[in-house]
Protein chains: 2
Amino acid sequence: MTNKYLTIHNDIVQQIETGEIKPNSLLPSENELKDRYNTSRETIRKALNLLSQNGYIQKVRGKGSIVIKGAKLNFPVSGLVSFKELADKMGEKPITIVHELELWKPDEYIRQQLNLSNKDTVWKISRIREFGGEKIILDKDYLNTKIVPHITKEICESSIFYYLEHELNLSISFAKKEIVIEEPTEEDRALLDLEGFHNVVNIKNYVYLEDATLFQYTESRHRPDKFRFVDFARRNPL
Amino acid sequence: MTNKYLTIHNDIVQQIETGEIKPNSLLPSENELKDRYNTSRETIRKALNLLSQNGYIQKVRGKGSIVIKGAKLNFPVSGLVSFKELADKMGEKPITIVHELELWKPDEYIRQQLNLSNKDTVWKISRIREFGGEKIILDKDYLNTKIVPHITKEICESSIFYYLEHELNLSISFAKKEIVIEEPTEEDRALLDLEGFHNVVNIKNYVYLEDATLFQYTESRHRPDKFRFVDFARRNPL
DNA sequence: CAAACAAACATGTATATACAAGTTGTTTGA
DNA sequence: TCAAACAACTTGTATATACATGTTTGTTTG
């Protein structure tokens, strides 16, 4: 018993992804969809606007809604997706090694990133992601202990996101991310199979809850040859 | 005489950016805004949803709309923004050197990227961006001549985007982008001040018009130390 | 035969109403 | 005193209607 417009959205997404609706063709008009789904035009429009935001269709006034070619076949690394969800989608079978898991008194840098006081503590988690025998990614997470009091090695091995959302019932709602290229640290060299690469890609993630409180800072350090970021962007009307 | 909801959106954006409305505070309720702006609640909701999409506010059911801290101070390299617009925002004063501008019979790779036939031609443009005396970025553009018949060196020196939108009246509407790390090519080494860096950041851009036709492919090759990508992402409800 | 016009149809904006559902503070009752 | 119930807020969803504006197509008109 979920929303109507989300149901319609998902239905159309499925039709696009299975090829039932062809790229570069027009979707049925809003009025026709309204009749088909037995609903009002506004509800249809909500569904279509979602499709537009997600890069599935392009709405053109006076014409209709064009299905964008290759929509989401190139899955986005953009958006807010956990490593596990991502790996699942790609069909890869990575191994996660929990290298470090401790209650930690944050240093100045992490205190700043998470807006913490001197008394606060964080969970410091460091995990290595291995693909096909190669250690490719080093994930370093810092979680505010006021929001996440307990965590175990087992959770870190499967999915922290899943634990937060389904066990602690925290609703993660948005993130700011920053991508920069850096020289490998000693730690990077020690833990990753860098094979002579001179840089790592550092994806810094600031993760927020539904009430806009910052609770997690993550650095995801990738070997440059295995890094790929795909994004869909609309031009904002000024 | 533009839209109401866009006007309201922009008005609130301004209040947030000038600090008139403080971060982590609540916006007035939708009903109050409705009265203030003398409009209907739905119109207010459209404005607020735009603010939410753009990372300015976080809406919480039952509570209200929280103003997100640091909204857009960290300007996004994400989104679909031209180099000139970006440089303007940052207050940098870059120099653009047009290194190459020619009508070109595309090779296999570019034909594939732009979905062209063997007979089509493209504008091949290669520009170097210089900051503070250092050649940092190499932009390589390929434009479908069927859509852009003419272009001049002067245009390339100022802003291609501006020319397309304001002179040719093309409406650029969305882009797919991909970011990867590559080894510098001979060309990169010759044209950029790489100073011993072993990689370049390659931002591939596929730019589409309003009617969903692909008309431009761009590679923006950055020196890694000067590269920074900032993004705002919402978690999609499954 | 071509240009002008009109009709039909597409999406965009604005408004109104009703109810659902989550949050918060207050009142009520045991 | 304390907890449950309630009232008064908040945002979310669904529907209906009207008109604006852009596109296409066919028809009329000169």
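Keep in mind the model is a prediction, meaning the values are calculated, not measured.
- Between B:Ile8 atom CD1 and C:dT13 atom P the separation is 13 Å, expressed in whole Å.
- An end-to-end axis angle of 10° holds for the helix from C:dC1-D:dG30 to C:dA30-D:dT1, taken from five base pairs per end and rounded to 10°.
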Between B:His222 and B:Ser220, is the side chain to side chain donor-acceptor pair (under 3.5 Å) condition met? List the steps. CA-CA 6 Å; B:His222 293 231; B:Ser220 198; 3.2 Å; yes
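- Proximity of the aromatic rings of B:Phe174 and A:Phe232 is defined here by a centroid distance below 6.0 angstrom, and this criterion is met.
- Salt bridge annotation for B:Glu32-B:Arg41: absent, with no cationic side-chain nitrogen under 4.0 angstrom from a carboxylate oxygen.
- Among the candidates A:Lys153, A:Lys140, A:Lys124, the single residue satisfying the salt bridge (Lys or Arg N to Asp or Glu O under 4.0 Å) test with A:Glu100 is A:Lys124.
- Using a 4.5 Å heavy-atom cutoff, the side chains of A:Asp139 and A:Glu219 are not in contact.
- Not counting sequence neighbours, the partners of A:Asp11 by the side-chain hydrogen bond (donor to acceptor under 3.5 Å, both in side chains) test are A:Gln15, A:Tyr37.
- Look at B:Lys146 and B:Asp120 and you find a salt bridge, because one of the NZ, NE, NH1 or NH2 atoms lies within 4.0 Å of a carboxylate O, short of that distance.
- Checking B:Arg45 against B:Ser40 by side-chain atom types alone, no donor-acceptor pair falls below 3.5 Å.
- Within residues 23-35 of chain A, no residue has a heavy atom under 4.0 Å from DNA chain D.
- Under 3.5 Å, the side chains of B:Asn31 and B:Ser29 contain no donor-acceptor pair of N or O atoms.
- Other residues, nucleotides and ligands contribute over 12 non-hydrogen atoms within 6.0 Å of the NZ atom of A:Lys105.
- Using a 4.0 Å cutoff to heavy atoms of chain A, the contacted part of DNA chain D runs 5' to 3' from D:dT13 to D:dT24.
- In terms of position along DNA chain D, the nucleotide closest to A:Asn38 lies nearer the 5' end than the nucleotide closest to the other residue of the pair A:Arg61 and A:Asn38.
- Rounding to whole angstrom units, CG of residue B:Leu6 and P of C:dT13 are separated by 8 Å.
- Counting only residues at least two apart or on different chains, the salt bridge (Lys or Arg N to Asp or Glu O under 4.0 Å) pairs with a member in residues 54-65 of chain B are B:Glu30-B:Lys59.
- For the segment residues 42-52 of chain B, the set of residues with a heavy atom within less than 4.0 Å of an atom of DNA chain D comprises B:Glu42, B:Arg45, in numerical order.
- Remark on DNA chain C: of its neighbouring residues A:Glu210 and B:Arg41, the 5'-side contact belongs to B:Arg41, judged by nearest-heavy-atom nucleotide.
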Between A:Gln53 and B:Arg234, does the side chain to side chain donor-acceptor pair (under 3.5 Å) criterion hold? Intermediate values first, please. CA-CA 12 Å; A:Gln53 277 176 47; B:Arg234 286 197 173 277; over 6 Å; no
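- As a whole-Å value, the separation of A:Lys4 NZ from C:dA20 P is 14 Å.
- When the nearest nucleotides of DNA chain D are assigned to A:Lys63 and A:Tyr5 by heavy-atom distance, the more 5′-ward of the two goes with A:Tyr5.
- In this structure, a donor-acceptor pair under 3.5 Å is absent between the side chains of B:Tyr162 and B:Glu167.
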